Amino acid sequence: MIRTHDAGSLRIADAGSEVVLTGWVSRRRDHGGVVFVDLRDGSGLVQVVFREGPAAEGAKELRSEWCVKLTGEVRERPAGNTNPDLATGEIEVVVSALEVLSESETPPFPIHGSDDIDSGVDEVTRWRYRYLDLRRTGPAHAIRTRARIASVIRRVMERHGFLDIETPYLTRSTPEGARDFLVPVRLQPGHWYALPQSPQLFKQLLMVSGLERYYQIARCFRDEDFRADRTPEFTQLDIEMSFLDEEDVFALTEELFVELWREILGVELPTPFPRLTYAESMRRYGSDKPDLRFELELVDLTAHMAGTEFRVFQAEHVGAVVVPGGADYTRKDLDGWQEWAKSRGAKGIAWLLVPAEAGAELRGSITKLEPDRLASLSAAAGAKPGDAILFAAGPRRTTLELLGALRNAVARQRGLVREGEWQFLWVVEAPMFEPVSSDNPSVTDAGGPGWTAVHHPFTAPTAEWEQTFHTDPEHALARAYDVVGNGMELGGGSIRIHRREMQQRVFDVIGLSREEAESKFGFLLEAFTFGPPPHGGIAFGLDRLAATLAGTDAIREVMAFPKASSGGDPLTGAPTPITDRQRSEAGIDVRPDG
RNA sequence: GGUCCCGUGGAGCAGCGUGGAGUGCUCGCCGCCCUGUCAAGGCGGAGGUCGCGGGUUCAAAUCCCGUCGGGACCGCCA
């Protein structure tokens with residue numbers, strides 16, 4: 001190394017040492033006879049002082065973000081001049097020699113003094129100059145945190161004998177539901193690779209291989225629209241094991257999470273994580289990833305409304321969220337909820353304000369309800385004087401989902417979320433199938449009527465449904481599980497089917513013909529003819545996990561070079577048009593015969 | 001595919017409703033002064049296609065239409 005010390009590591013004990021430092025000029029404070037420079041390197045900041053001689057002359061020329069090397073003596077700062085805000089604030093380095101390693105243009109946004117990720121600078125500008133953005137301590141910390149997370153993961157996985165095995169990026173479509181990214185193949189014009197949406201099929205093959213314990217920090221690709229927490233390439237911690245049951249997955253996951261939260265945040269997570277069935281989670285929270293940092297459980301009023309003449313409540317499901325103290329809602333607030341519901345495609349939300357004073361009249365949009373039903377409604381909903389009740393009615397599933405979203409929105413709005421708390425749980429026994437609909441197309445090319453796999457078609461049914469899932473697909477339950485933290489789905493997986501007969505019944509339910517199954521993943525089915533072990537696994541969204549542990553909402557903050565929401569890379573300018581020659585060589589316009 | 005928001009010197013904003021000279025603020029940048037600052041300070045200065053195109057108007061940063069870029073949400077995404 002061309003330096004002897006890290007700038008941020010110097011302490012009072014180093015006083016008197018001669019040091020050589022390298023780094024960037026963070027700030028320069030020129031007082032004429034004395035010049036102070038904050039020198040920054042990967043370890044932190046230290047103040048260096050120039051007084052006289054050639055070094056001091058050179059210091060006059062220094063500008064922000066110049067890269068320099070300097071030699072000097074560490075000294076205790078004069079009395080009264082220490083800086084308690086700096087780790088190195090008790091000392092400074094008096095410079096005897098200065099070498100400019102490289103000069104810098106004026107940076108497009110301030111680098112110094114921005115320990116927070118959010119400095120107010122436009123994101124696109126930050127991504128465009130991400131290499132400068134990462135000189136800032138806040139963004140750099142997020143990336144460093146991610147690296148520590150990967151390190152903890154590898155330690156835990158290796159402790160349990162898992163093998164880190166790479167799987168192909170140039171492959172064929174896997175059975176997930178998203179659109180594939182496609183790569184043309186020069187040597188076979190008109191033929192295309194798909195980039196993997198996950199290593200799903202390969203990890204199952206590795207179980208057939210008898211490797212028994214696989215993990216990979218794998219890049220995955222899905223060509224879908226963006227969200228704040230979604231980007232076209234992302235990273236999964238992918239895990240698969242043989243001869244296991246759910247408890248093994250739960251135990252491993254909990255150990256991993258405990259270790260991550262302890263090491264990164266210094267938080268001790270209690271285990272085991274509570275478990276909820278999917279059905280119970282939907283019933284109580286209207287979500288398959290409930291946030292348990294607040295209560296506000298949904299109320300089921302379907303029975304209370306049975307036989308009502310009131311049109312809006314003549315529905316498969318009538319439910320409500322009771323807003324504590326919500327009687328202070330203004331008409332504008334309530335109209336706001338209407339708009340909110342409509343923006344989610346719902347018909348609307350009915351409301352009732354329960355007056356705080358005894359005997360006062362109920363106010364609301366449903367006061368024309370039958371009087372006895374109305375009178376007993378507050379009690380049936382569990383509302384107290386001063387509360388508001390927000391109702392939704394309609395088909396059971398969509399109504400519960402609307403109420404679940406409402407529950408989250410109300411909790412945020414009313415400040416009911418206990419920030420700083422960590423609430424993990426397992427959501428288990430999801431349905432195996434869901435009805436095919438226009439916005440939920442079948443995996444079959446024919447797109448025939450019927451059912452599609454909720455998780456993926458290799459997910460095993462629960463013990464109770466092993467013999468009967470194909471006769472009642474609507475109610476069949478899967479050995480699938482999601483781990484949820486603070487309302488975020490952090491990971492999910494399942495126990496797989498390893499028996500050919502059972503697999504065929506699943507294909508029959510989802511209307512996948514033998515020919516189609518053969519052409520899509522015949523290689524997996526063939527592998528399963530050679531004594532496949534019982535196996536299963538789980539995958540975690542590493543970006544979401546890292547963002548959570550780094551204390552940011554945006555997964556882009558834990559990616560070194562994130563993409564903009566159009567899918568473009570503001571730094572390199574990708575994607576770009578291709579030349580005619582590239583187009584011709586790639587063979588992308590060729591239609592293969594047959 | 002849909003809804004909403006943003007685009008003004010290098011950065012962050014205000015100005016737009018009710019059209020009237022590129023007006024203003026904070027920071028940065030350049031020059032000079034300055035021996036204890038750490039958001040150093042003082043004085044002076046430079047820097048603009050108001051995203052782009054069209055329209056309305058005597059006159060457009062401001063109003064209208066379109067478009068591009070960015071962001072959030074719904075759909076979509078196991």
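The shown structure was predicted, so the numbers you read here are calculated from the model rather than taken from an experiment. Sequence lines set the chain letters: A, B, ... in the order given, protein chains first and strands last, and positions in each chain run from 1.
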*For A:F36, ring-ring contact (aromatic ring centres under 6.0 Å, His included) partners two or more places apart*: A:H31
*Atom C1', compared across B:rC25 and B:rG9: separation rounded to whole Å*: 14 Å
*When A:E65 is tested against each of A:R28, A:R136, A:R27, A:R135 for salt bridge (Lys or Arg N to Asp or Glu O under 4.0 Å), which residue passes?*
A:R135
*Output every pair passing ring-ring contact (aromatic ring centres under 6.0 Å, His included) with a member in residues 216-241 of chain A, not counting sequence neighbours, ordered by first then second residue.*
A:Y169-A:F221
*So which nucleotide does B:rG66 pair with, by the Watson-Crick or G-U wobble rule with both distances under 3.5 Å?*
B:rC52
_I'd like to check the ring-ring contact (aromatic ring centres under 6.0 Å, His included) partners of A:Y481; sequence neighbours left out, ordered by chain and number._
A:F250
*asked:* Just to verify, what does A:D223 make a side chain to side chain donor-acceptor pair (under 3.5 Å) with, not counting sequence neighbours?
replied: none
*Return yes when atom NE2 of A:H317 has more than 12 non-hydrogen atoms of other residues, nucleotides or ligands closer than 6.0 Å, and no otherwise.*
yes
*May I ask which nucleotide in the shown strands pairs with B:rC13, Watson-Crick or G-U wobble, both distances under 3.5 Å?*
B:rG24
*Who pairs with A:Q47 by side chain to side chain donor-acceptor pair (under 3.5 Å), at least two apart in sequence or on another chain?*
A:R29, A:E92
*Give the nucleotide from the list B:rC38, B:rC77, B:rA11 with an atom nearest to the side chain of A:A178.*
B:rC77
*For nucleotides B:rC50 and B:rG12, find the distance between their C1' atoms and express it as a whole number of Å.*
16 Å
*asked:* Tell me which pairs pass side chain to side chain donor-acceptor pair (under 3.5 Å) where either residue lies in residues 225-238 of chain A, with sequence neighbours left out.
replied: A:R146-A:T235, A:K203-A:D238, A:Y214-A:D238, A:R219-A:E233, A:R219-A:T235, A:E233-A:K563
*Does A:L244 have any side-chain contact (heavy atoms from CB on, under 4.5 Å) partners at least two apart in sequence or in another chain, and if so, which?*
A:M241, A:D248, A:V249, A:I495
*Of all the nucleotides listed (B:rU37, B:rA11, B:rC77), which has the minimum atom distance to the side chain of A:R230?*
B:rC77
Interface polar pairs with nucleotides 69-73 of chain B, N/O, under 3.5 angstrom:
{"residue": "B:rG70", "atom": "OP1", "partner": "A:S566", "partner atom": "OG", "Å": "2.7"}
{"residue": "B:rG71", "atom": "OP1", "partner": "A:R556", "partner atom": "NH1", "Å": "2.8"}
{"residue": "B:rG71", "atom": "OP1", "partner": "A:S565", "partner atom": "N", "Å": "2.9"}
{"residue": "B:rG71", "atom": "OP2", "partner": "A:S565", "partner atom": "N", "Å": "2.7"}
{"residue": "B:rG71", "atom": "OP2", "partner": "A:S565", "partner atom": "OG", "Å": "2.1"}
{"residue": "B:rC73", "atom": "OP2", "partner": "A:A228", "partner atom": "N", "Å": "3.2"}

_When the C1' atoms of B:rG28 and B:rC13 are compared, how many Å lie between them, rounded to an integer?_
14 Å
*Polar side-chain contact A:R222-B:rC76 base: donor and acceptor under 3.5 Å*: no
*asked:* Using a strict heavy-atom distance below 4.0 Å, which residues from residues 82-98 of chain A are in contact with RNA chain B?
replied: A:T82, A:N83, A:E92
_Separation of atom CG in A:N81 from atom P in B:rC38, rounded to whole Å_ = 10 Å
*In this structure, are over 12 heavy atoms from other groups packed under 6.0 Å from A:E76 atom CD?*
no
*Quick one: list whatever passes side chain to side chain donor-acceptor pair (under 3.5 Å) with A:K60, sequence neighbours left out.*
A:D30
*Between A:S9 and A:R11, do the side chains contain an N or O donor and an N or O acceptor separated by less than 3.5 Å?*
no
_Is there a side-chain contact (heavy atoms from CB on, under 4.5 Å) between A:V68 and A:L39? Walk through the geometry before answering._
CA-CA 9 Å; A:V68 298; A:L39 183 79; 3.5 Å; yes
What are the atom names and distances for every N/O pair under 3.5 Å that joins the protein to nucleotides 4-8 of chain B?
none

*Sticking with atom P, work out how far B:rA61 lies from B:rG22, rounded to a whole angstrom.*
7 Å
*Base, sugar-phosphate alone, or nothing: which one does A:P108 contact when heavy atoms must sit under 4.0 Å apart?*
sugar-phosphate
*Once each nucleotide of nucleotides 26-35 of chain B is scored for protein heavy atoms under 4.0 Å, what B/S/- sequence comes out, 5' to 3'?*
---SSS--BB
*Aromatic rings A:F458 and A:H456: how do their planes relate, parallel, tilted or perpendicular, breaks at 30° and 60°?*
tilted
*Rounding to a whole Å, what distance do you find between A:E65:CD and B:rA11:P?*
16 Å
